Structure formats: structure tokens, C-alpha cells
Amino acid sequence: VQLQASGGGLVQPGGSLSLSCATSGFTFDYYTIGWFRQTPGKEREGLSCIDYTGRSTYWSDSVKGRFTISRDNDKSTAYLQISSLKPEDTAVYYCARDLRFRRVGCPTVRGDYGYWGQGTLVTVSS
């Protein structure tokens, strides 16, 4: 099982980025994918997830309305579109896969995500 997040970079406040989570080694269609982020000295923060039916959940109030999660089963890839970026969005962004097959809805416990990608750095600065 492999996940690889990409698409990060340096962006000015108010800008947008599209992050991708390319996966392999499992049947992507049947697993929930979550997006998280982490800054130095802080715990990893859950942002959003999308289950295998395509239903999405946004955990963090700070990203609701600004971040959009999606998935393309044909490409075995999940996406996180992030907009109206703020300096406080600066972090390493990770994607992760649920351990459970065909779970409806998203697990809320981080330990339920058993496979993690390497992360992609998003820096918001002028």
C-alpha cells in the first residue's frame, strides 16, 4: 500500500493550491481517504475525509468553505483543493487510508488510518 501526496509549494495569502494523493497497492474504490496537516511542535490535525461512496466530511472549522476534498477512482487519486489560503495554513499536508474495507463514513480516530503518505509542504507567505 502506497500513498504519495503532492502539489504543495509556496503560495501568497489568498491563493489556492490543489493537492493530490496518488495511491497504489490496493483497491482505491473501497477505502476512505483522509487529509491531515501538521506544523512543528503541534499534533497532526485532521482536515477532511471522503468515504468510498464519495461522501465527504470536514472536521476542522478553520477549513470549512475553503477546502474541498474529492476523489477520482479511475485514477486511484484523492484531491484536496485549498483556497483563500492564510499564513496559518502553512504545514505539511498528509493523506492517509482507512484500515477498514468499505466503511461508510469517516473514522474519527487517527489510529484508524493505517497507511500514510510522505506529505507535501504548503507554505503561505507574501
Side-chain angles (χ1 to χ4, degrees):
V1 174
Q2 291 191 326
L3 298 93
Q4 179 62 58
S6 63
L10 174 63
V11 61
Q12 292 188 340
S16 300
L17 281 175
S18 181
L19 306 183
S20 298
C21 176
T23 73
S24 62
F26 65 98
T27 306
F28 178 82
D29 305 38
Y30 294 119
Y31 288 91
T32 292
I33 301 294
W35 281 97
F36 301 76
R37 68 184 178 187
Q38 189 169 23
T39 55
K42 293 187 177 181
E43 286 197 2
R44 197 164 292 188
E45 176 189 14
L47 301 174
S48 182
C49 60
I50 186 165
D51 72 9
Y52 84 98
T53 70
R55 184 168 66 185
S56 59
T57 301
Y58 297 90
W59 294 310
S60 173
D61 288 339
S62 67
V63 306
K64 287 179 181 177
R66 298 192 297 122
F67 289 17
T68 303
I69 193 171
S70 61
R71 64 190 296 153
D72 185 335
N73 289 344
D74 290 338
K75 296 182 178 179
S76 298
T77 300
Y79 303 95
L80 187 69
Q81 179 72 32
I82 53 180
S83 60
S84 302
L85 281 160
K86 307 174 184 179
E88 52 264 41
D89 293 318
T90 296
V92 178
Y93 285 69
Y94 299 89
C95 58
R97 198 208 84 177
D98 187 2
L99 285 170
R100 186 178 293 181
F101 178 71
R102 294 185 72 178
R103 184 197 304 262
V104 176
C106 293
T108 57
V109 177
R110 203 173 74 194
D112 286 334
Y113 292 88
Y115 299 94
W116 293 79
Q118 283 188 303
T120 185
L121 176 63
V122 173
T123 303
V124 184
S125 175
S126 55

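The shown structure was predicted, so the numbers you read here are calculated from the model rather than taken from an experiment.
If you check the side chains of S125 and T123, you find no donor sitting under 3.5 Å from an acceptor. Looking only at atom types and distance, the side chain of D29 has no donor-acceptor partner in the side chain of T27 under 3.5 Å away.
Heavy atoms from other residues, nucleotides or ligands lying under 6.0 Å from CD of Q38 number more than 12. Within 6.0 Å of the CD atom in E88, the count of heavy atoms belonging to other residues, nucleotides or ligands exceeds 12. A 6.0 Å sphere centred on CZ of F26 holds more than 12 heavy atoms belonging to other residues, nucleotides or ligands. The local environment of CD in Q2 is sparse, with at most 12 non-hydrogen atoms from other residues, nucleotides or ligands closer than 6.0 Å.
Here the CG atom belonging to D51 is positioned 7.0 Å from the OG1 atom belonging to T57, to the nearest 0.5 angstrom. Residue C21 holds its SG atom at 10.0 Å from CZ of R71, rounded to the nearest 0.5 Å. Atoms OG and CG, on S20 and L3 in that order, are 12.5 Å from each other to the nearest 0.5 Å. Atom OG in S18 sits 8.0 Å away from atom CG in L80 (nearest 0.5 Å). Distance check: S70 OG to D72 CG gives 8.0 Å after rounding to the nearest 0.5 Å.
Of all non-hydrogen atoms in C106 and W59, the two that sit nearest each other are CB-CZ2, 4.1 Å.
The aromatic rings of F36 and W116 sit tilted, their planes meeting at an angle between 30° and 60°. Using the six-membered ring where Trp is involved, F67 and Y93 have ring planes that are tilted, between 30° and 60° apart.
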(message) Quick one, K64 with D61, criterion salt bridge (Lys or Arg N to Asp or Glu O under 4.0 Å). Give me CA distance, side-chain angles, the key distance, then yes/no.
(response) CA-CA 5 Å; K64 287 179 181 177; D61 288 339; 3.1 Å; yes

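A continuous path of Ile, Leu, Val, Met, Phe, Trp and Tyr side chains, each step under 4.5 Å between heavy atoms, connects Y113 with V92, placing both in one hydrophobic cluster.
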